Amino acid sequence: MTEGTTSAAAEGADTLSRLEQEGEIAADYLEGLLDIADLDGDIDMDVEADRAAVSIISDSGRDLQKLVGRDGEVLEALQELTRLAVHRETGDRSRLMLDIAGYRAKKRTELSELGAKTAADVKNTGEPVKLNPMTPFERKVVHDAVKAAGLRSESEGEEPQRFVVVLPA
């Protein structure tokens with residue numbers, strides 16, 4: 001191996017180790033919250049797309065729906081609190097993704113389908129399409145689906161009314 005290859009491998013291992021540490025800090029924080037709220041849930045940690053991913057799952061997902069909230073509002077807030085807990089421990093900004101009771105996974109599937117369908121509509125009409133306001137997570141999923149369909153998209157507006165515009169080729 002060359003020196004550049006060795007250092008790249010070491011850097012990748014360091015990144016993976018840092019992301020795993022973020023996941024462990026987040027899991028400890030979330031376990032504490034579950035205890036306080038007297039909710040049952042198992043915590044699953046992973047690394048996806050260069051970010052720590054933590055999921056809270058339960059056999060009876062109904063209890064966890066309280067932690068998702070209407071349109072994922074509570075989930076978004078818990079994700080930010082968890083990121084702050086990681087930041088407090090590490091001193092580094094975290095891009096950790098939190099999923100509760102499969103809410104984000106289901107939402108990702110729905111939004112991917114929306115992005116693909118909208119891209120197909122734009123290809124057929126040649127006209128740009130503006131979608132409803134979305135969270136940063138939701139916009140990212142739509143942008144990825146539009147890109148996979150061979151078109152481009154942009155975000156416009158100011159939070160919380162920021163939205164995706166799918167543009168013709």
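Computed over heavy atoms, backbone and side chain alike; hydrogens, waters and symmetry mates excluded. Predicted model, so just to flag it, every value in this text is computed and none were measured. Numbers here simply count residues along the sequence, with the first being 1.
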Can you give the donor-acceptor pairs under 3.5 Å from side chains of residues 157-169 to other protein atoms, not counting sequence neighbours?
residue, atom, partner, partner atom, Å
Glu159, OE2, Arg139, NH1, 3.1
Glu159, OE2, Arg139, NH2, 2.8
Arg162, NH1, Gly157, O, 2.7

Any donor-acceptor N/O pair, Asp99 side chain to Tyr103 backbone, under 3.5 Å: yes
Nearest non-hydrogen partners of Lys123 and Leu151, listed with the distance: CG-CD1, 3.8 Å
His143 and Ser153: side chain donor to acceptor below 3.5 Å: yes
Heavy-atom donor-acceptor pair, Ser17 side chain to Ala13 backbone, under 3.5 Å: no
Heavy-atom side-chain contact between Leu34 and Ile56 under 4.5 Å: yes
Within one Ile-Leu-Val-Met-Phe-Trp-Tyr cluster: Leu33 and Val86, side-chain cutoff 4.5 Å: no
Thr125 side chain vs Glu127 backbone, donor-acceptor pair below 3.5 Å: yes
Co-membership, hydrophobic cluster, residues Leu114 and Phe137, 4.5 Å side-chain: yes
Point-to-point distance, once rounded to the nearest 0.5 Å, from OG of Ser58 to CG of Asp63: 6.5 Å
Flag side-chain contact, heavy atom, 4.5 Å: Ser94 against His87: no
Thr82 side chain reached by Val54 side chain, heavy atoms, under 4.5 Å: no
Donor-acceptor pair, side chain of Arg83 and main chain of Arg93, under 3.5 angstrom: no
Residues Gln65 and Arg70: side-chain donor-acceptor under 3.5 angstrom: no
Whether over 12 other heavy atoms sit under 6.0 Å from Asp40 CG: no
Shared hydrophobic cluster for Leu81 and Leu64 (ILVMFWY, side-chain gaps under 4.5 Å): yes
Flag side-chain contact, heavy atom, 4.5 Å: Thr135 against Glu138: yes
Spacing of Glu156 atom CD and Leu131 atom CG [to the nearest 0.5 Å]: 11.0 Å
Pairwise side-chain contact, Thr90 with Ile25, heavy-atom cut-off 4.5 Å (strictly under): yes
Close side-chain approach of Leu67 and Leu39, heavy atoms under 4.5 Å: yes
Spatial distance of atom CG (Leu78) from atom CD (Glu80) [nearest 0.5 Å]: 10.5 Å
Minimal non-hydrogen separation, Gly23 against Ala52, with atom names: N-CB, 4.1 Å
Asp38 atom CG, neighbour heavy-atom count above 12 within 6.0 Å: no
Side chain proximity check, Leu98 to Leu30, heavy atoms < 4.5 angstrom: yes
Side-chain ion pair, Glu154 and Arg152, N-O less than 4.0 Å: yes
Met97 reachable from Val74 in the ILVMFWY side-chain graph, under 4.5 Å edges: no
Hphob cluster co-occupancy, Val68 + Met134, side-chain heavy atoms under 4.5 angstrom: no
Closest approach of Leu96 to Ala26 (non-hydrogen atoms, all atoms of both residues): CD1-CB, 3.4 Å
Minimum side-chain heavy-atom gap Tyr29-Glu89 below 4.5 Å: no
Asp144/Lys140 ion pair, N-O < 4.0 Å: yes
From CG (Asp92) to CZ (Arg18), nearest 0.5 Å: 6.5 Å
Worked verdict on Glu76 versus Arg104 for salt bridge (charged side-chain N to carboxylate O under 4.0 Å, His left out): CA-CA 10 Å; Glu76 290 288 334; Arg104 275 200 206 275; 3.2 Å; yes
Spacing of CD1 belonging to Ile43 relative to CD belonging to Glu24, to within rounding of 0.5 Å: 12.0 Å
